[in-house]
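Note sheet for the following structure.
Numbers restart at 1 for each chain; the letters A, B, ... are given by sequence-line order, proteins then strands.
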2 protein chains.
Amino acid sequence: MVDKKTKDWSGCPVRFGMSQFGDKWSFLIIRDLMFKGRQYYHEFIDAGEGISTNILASRLADLENNGIITKRRDPQKGSRYLYRLTKKGVDLMPMMLAMIDWSEKYDSGTEVPKRFIDQLRNNPDQLQQEIIENLSN
Amino acid sequence: MVDKKTKDWSGCPVRFGMSQFGDKWSFLIIRDLMFKGRQYYHEFIDAGEGISTNILASRLADLENNGIITKRRDPQKGSRYLYRLTKKGVDLMPMMLAMIDWSEKYDSGTEVPKRFIDQLRNNPDQLQQEIIENLSN
DNA sequence: ATAAAACACTTGCAAATAACAAGTTTAAAT
DNA sequence: ATTTAAACTTGTTATTTGCAAGTGTTTTAT
């Protein structure tokens, strides 16, 4: 559970954000959903970040409770669930992109494709539109 | 320590960000420095978020090691230290502003001044300049 | 010059959280 | 009807956090 004690805290927008998605694993799940095309439980597990199954289940439940993702049966294969960003989740994109921009600037080892970072800096609105269109609905 | 195991991880910009400032307390310290004019240890303690002294000391050391803040003696009062954002720290502002924008949109209880949020949405560059000018150098 | 106060930590310990491994449940395919 | 796959859940151990109290350095007061 992310920031259980202050779940209902309100007033400061930074603290509100932290209470909604403010831990490492939540950020990585949102990244997977937003930029990597991952949408199944096993894809998050296999992403290679080393998240434990109980923590993944807990974070997915938190994000769902906070209205950032939805969970439903996969119509193609009913034994598994399909996780998707809601509008509220997609609206985190400017923040995620700002973070990517910053990291690309300060981490020499970052691996953002040149085309991505160029477009992020020259035409962020179009980049965002393209990413949104790529999210299956 | 924030994300000790993956301190030197590189490749993914989101994960890099998480390794540099990716926990609740680091975000709140950056918020204090960036928007609230706080720059002393005791001001972070007194901010009312309930951070423990050991955790604050640990996070300040992490942020300093990561080049996001600097620590020096206060020229006015040598018994205390002055914490400041570096350029690298100030460059987190777009991300922080994007987060504030999102929270204001989704948290009815948020308390961002109307003038701030209007300017954020209409003229973010100017808002940013004003905030930077307010940071004492 | 010495003692007291302010400030920024540091340490020790109990409580909470996360990681790891193994087991359970539900639906699908055979 | 049985087996397999997928998504958890549970139990245990390790790590991190929160809390209370103590320490070291610099400033202020006497």
Handout entry: Distance in angstrom units between B:I69 CD1 and C:dA8 C1', rounded
Key = 14 Å
Handout entry: Given C:dA19, D:dA7, D:dC19, the nucleotide with the shortest approach to the side chain of B:S52
Key = D:dC19
Exercise for the section: Can you figure out which of C:dG12, C:dC9, D:dA7 approaches the side chain of A:Y40 most closely? Expected result: D:dA7
Handout entry: Whole-Å gap separating P (D:dC8) and CG (A:L82)
Key = 12 Å
Practice task
Evaluate the side-chain contact (heavy atoms from CB on, under 4.5 Å) criterion for residues A:L56 and A:L60: first the C-alpha distance (whole Å), next the side-chain angles of each, then the deciding distance (0.1 Å), finally the verdict.
Solution key: CA-CA 6 Å; A:L56 175 57; A:L60 287 172; 3.8 Å; yes
Problem - Pairwise side-chain contact, B:I131 with B:M93, heavy-atom cut-off 4.5 Å (strictly under) - result: yes
Handout entry: Contact under 4.0 Å: B:H42 side-chain N or O vs C:dA8 OP1/OP2
Key = yes
Problem - Spacing between B:L56 atom CG and D:dC19 atom P, to the nearest angstrom - result: 14 Å
Problem - Residue-phosphate contact under 4.0 Å: B:K24 side-chain N/O, D:dG18 OP1/OP2 - result: no
Practice task
In plain terms, say whether B:R59 and B:D23 are close enough for a salt bridge, that is, a side-chain N and a carboxylate O under 4.0 Å apart.
Solution key: yes
Practice task
In whole angstrom, give the distance that lies between atom CZ of A:F44 and atom P of D:dA7.
Solution key: 10 Å
Handout entry: All side chain to side chain donor-acceptor pair (under 3.5 Å) counterparts of A:Q119, not counting sequence neighbours
Key = A:R115, A:E130
Handout entry: Pairing residues for A:K88 by the side-chain contact (heavy atoms from CB on, under 4.5 Å) criterion, not counting sequence neighbours
Key = A:Q20, A:I68, A:T86, B:W102, B:Y106
Exercise for the section: Please identify each residue that fulfils salt bridge (charged side-chain N to carboxylate O under 4.0 Å, His left out) with B:R121, with sequence neighbours left out. Expected result: B:D101, B:E104
Problem - Which residues share a salt bridge (charged side-chain N to carboxylate O under 4.0 Å, His left out) with A:E43, sequence neighbours left out - result: none
Exercise for the section: For the pair A:S103 (side chain) and A:M99 (backbone), establish whether a donor and an acceptor sit closer than 3.5 Å, ignoring hydrogens and angles. Expected result: yes
Could you list all N or O pairs between the protein and nucleotides 1-4 of chain D that sit under 3.5 Å apart?
none

Exercise for the section: Return the value, rounded to whole Å, for the distance between atom CD1 of B:I45 and atom C1' of D:dG18. Expected result: 12 Å
Exercise for the section: Please name all residues satisfying ring pair (Phe, Tyr, Trp, His ring centres under 6.0 Å) with A:F116, sequence neighbours left out, ordered by chain then number. Expected result: none
Exercise for the section: Could you tell me whether the phosphate oxygens of D:dG18, OP1 or OP2, come under 4.0 Å of any side-chain nitrogen or oxygen in B:W25? Expected result: yes
Problem - Results of side-chain contact (heavy atoms from CB on, under 4.5 Å) for A:S79 - residues two or more places apart only - result: A:K77
Practice task
Starting from Watson-Crick (N1-N3 plus N6-O4 or O6-N4) and G-U wobble pairs under 3.5 Å, report the runs of at least three that DNA chain D belongs to.
Solution key: C:1-30 with D:1-30
Exercise for the section: Would you please name every residue forming a salt bridge (charged side-chain N to carboxylate O under 4.0 Å, His left out) with B:D91, sequence neighbours left out? Expected result: A:K105, B:K87
Practice task
Tell me whether the OP1 or OP2 atom of D:dT17 has a side-chain N or O from B:R59 closer than 4.0 Å.
Solution key: yes
Exercise for the section: Nearest whole angstrom, please: distance from the P of C:dC9 to the CG of B:D62. Expected result: 13 Å
Completion exercise
Considering only heavy side-chain atoms of A:N54, the closest of C:dT10, C:dC20, D:dA7 is C:dC20
Problem - ring pair (Phe, Tyr, Trp, His ring centres under 6.0 Å) contacts in which one or both residues fall within residues 28-67 of chain A, not counting sequence neighbours - result: A:Y40-A:H42
Handout entry: Value in whole Å for how far the P atom of C:dA28 lies from OH of A:Y81
Key = 10 Å
Set out, line by line, the N/O atom pairs under 3.5 Å between protein and nucleotides 21-27 of chain D.
from, atom 1, to, atom 2, distance (Å)
D:dT27, OP1, B:G78, N, 3.2

Practice task
Round to the nearest Å and state the distance from B:E43 atom CD to C:dC9 atom C1'.
Solution key: 17 Å
